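A short write-up of the structure that comes next.
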Amino acid sequence: MIIKTNSDGFIHPGSSEVTPLRVYQRRRDLIRQLAGGAAGVALGSWAGNNASAQQSLPGKLAPLPNAKSAVAGAVTMEKVTDYKDATTYNNYYEFGTDKADPAKNAHTLKTSPWVVEVEGMVKKPAKYTLEDLLKLSAQEERIYRMRCVEGWSMVIPWVGYSLSELIKKVEPLGSAKYVEFITLADPKTMPFVGSRVLDWPYAEGLRMDEAMNPLALLSFGMYGEVLPNQNGAPVRMVLPWKYGFKSAKSLVKIRFTDKQPGTAWNKAAANEYGFFSNVNPDVDHPRWSQATERRIGEDGLFAKKRKTLLFNGYEQQVGQLYAGMDLKKLF
Ligand SMILES: Nc1nc2c(c(=O)[nH]1)N[C@H]1C(S)=C(S)[C@@H](COP(=O)(O)O)O[C@H]1N2
Ligand SMILES: [Mo]
C-alpha cells in the first residue's frame, strides 16, 4: 500500500480519485486512532477502514464537485453513514412504504428535463431548469445529522447551497410569510401516487424566517455525487433540525404565501405531525417517545441508543427562531 503525505501534512492514500470527503473521513479516523494510542494499530485498522470505505464508495453516479461548507454547524465529527445504508433505507412514499422500496422502485423517476417553478407572493416568479438552479449559487458540502420521526438517524454529506440564496434572487413580497414546497406526483413513474396513504403531491412548508436560515439546504447531491433517485433527485430540501419528513424530495414548485400551508403528514394525522416538527426529545409522538434514536449502521448487538438532542443538535443555529414559542403546543 502506498501512503503519501500531502502538502497539507496529512496522510492520504495514494489515489488521485479520493474525494475530499473520503480523505476527510480517513484523516479523521486516523487522527482519532492516533489520539487513542498505538500508531501501528492505527495504521493497521486504517487499512481495514480503507477497504470498507472502498466498498461503500458511491462511484456510480455523476460527480457533483463542491467545496466544504462555510455554514456554522454544517459539519459534525460523527461518523458518516455508509452510502449503502443511506441509499437503501429510505422513506419516499411515492415509491412504496417499505424502507427498501424506494431503492427498488425509484429507477423509473425521470429527472431530466427538470423544472422548478417559483410562484406566489414574489416579485420575480420564474421557472428554473435544474441547470439554472445548479448555476445560481456555489455548491457546498455539508455533513448534517438527519433524524427521522420514526426514531432513527443518519449522518449524510449533502451537496447544495442555502435556500436563502434562491429566495433572495426571487424577492418575496413583504406579505409573504411562508414558503410551500410541492414535489413531483407522477402516477406514470411513481407507483404509489395512486394510493391513499397520503394526499399527493407530497407537500411541505416553512415559515419565512426558517426558510431564510442558512442551515436550510437546497440539495442536489450527496457523497460528492448527484442525488440518487431514492434520495430525492434531482433537487430536494434538507432541514437537519427538523424531522426527516419536512425535507421534501424531488421538488417541482416553491410557492410563497401569507398563510401557513397544509403539509402532507399534518393533513394525514394532525395530532401526530405538526407544522413545525422540530426535533425535540421532550415532545413525544403520541405513539412513541422521541427521547432517543438509533443511528443507522450502529445496529450491532452492543449498540446503545443515542440521546436525541433539541433541534437535533442545531440549537445554536436555529434556537432563536423559536424564542418565546411553546414548543409543546407548536410541535
Ligand atoms: N416527496 C417525498 N419527500 C419525502 C418523503 C416522501 O415520502 N416523499 N419522505 C420524507 C421522510 S419521512 C424522510 S425521513 C426523508 C428521508 O430522506 P432520505 O431517504 O434521503 O434519508 O425524506 C422525506 N421526504
Ligand atoms: Mo421520516
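What's counted below: heavy atoms across the whole structure, side chains too, no hydrogens, waters or symmetry copies. Note that the structure is predicted; figures quoted are calculated from it, not measured. All ligand and atom numbering here is 1-based and tracks the order in the structure. When a residue number appears, it is its place in the shown sequence, counting from 1.
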ask   = If two hydrophobic side chains count as joined below 4.5 Å and joins carry through other members, does Met146 share a cluster with Phe276?
value =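 Result: yes, single cluster for both.
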
Check ion pair [X]-[Y] (N to O, under 4.0 angstrom):
X: Glu293; Y: Arg306; answer: no
X: Asp82; Y: Lys84; answer: no
X: Glu210; Y: Lys246; answer: no
X: Glu298; Y: Lys79; answer: no

Can you give me every donor-acceptor pair (side chain of residues 164-171, partner residue at least two apart or in another chain, under 3.5 Å) with its distance?
| from | atom 1 | to | atom 2 | distance (Å) |
| --- | --- | --- | --- | --- |
| Glu171 | OE2 | Lys124 | NZ | 2.9 |

Return a table of N or O atom pairs, ligand 1 on one side and protein on the other, at distances under 3.5 Å, rounded to 0.1 Å.
| from | atom 1 | to | atom 2 | distance (Å) |
| --- | --- | --- | --- | --- |
| ligand 1 | 1 (N) | Glu94 | OE2 | 2.9 |
| ligand 1 | 1 (N) | Thr183 | OG1 | 3.4 |
| ligand 1 | 3 (N) | Lys249 | N | 3.1 |
| ligand 1 | 7 (O) | Tyr93 | N | 2.7 |
| ligand 1 | 8 (N) | Glu94 | OE1 | 2.8 |
| ligand 1 | 8 (N) | Glu94 | OE2 | 3.4 |
| ligand 1 | 9 (N) | Asn91 | O | 3.2 |
| ligand 1 | 17 (O) | Arg236 | NH2 | 3.4 |
| ligand 1 | 17 (O) | Lys249 | NZ | 3.4 |
| ligand 1 | 19 (O) | Asn90 | ND2 | 2.7 |
| ligand 1 | 19 (O) | Lys249 | NZ | 2.7 |
| ligand 1 | 20 (O) | Asn231 | ND2 | 2.9 |
| ligand 1 | 20 (O) | Arg236 | NH1 | 2.6 |
| ligand 1 | 24 (N) | Ser247 | O | 2.9 |

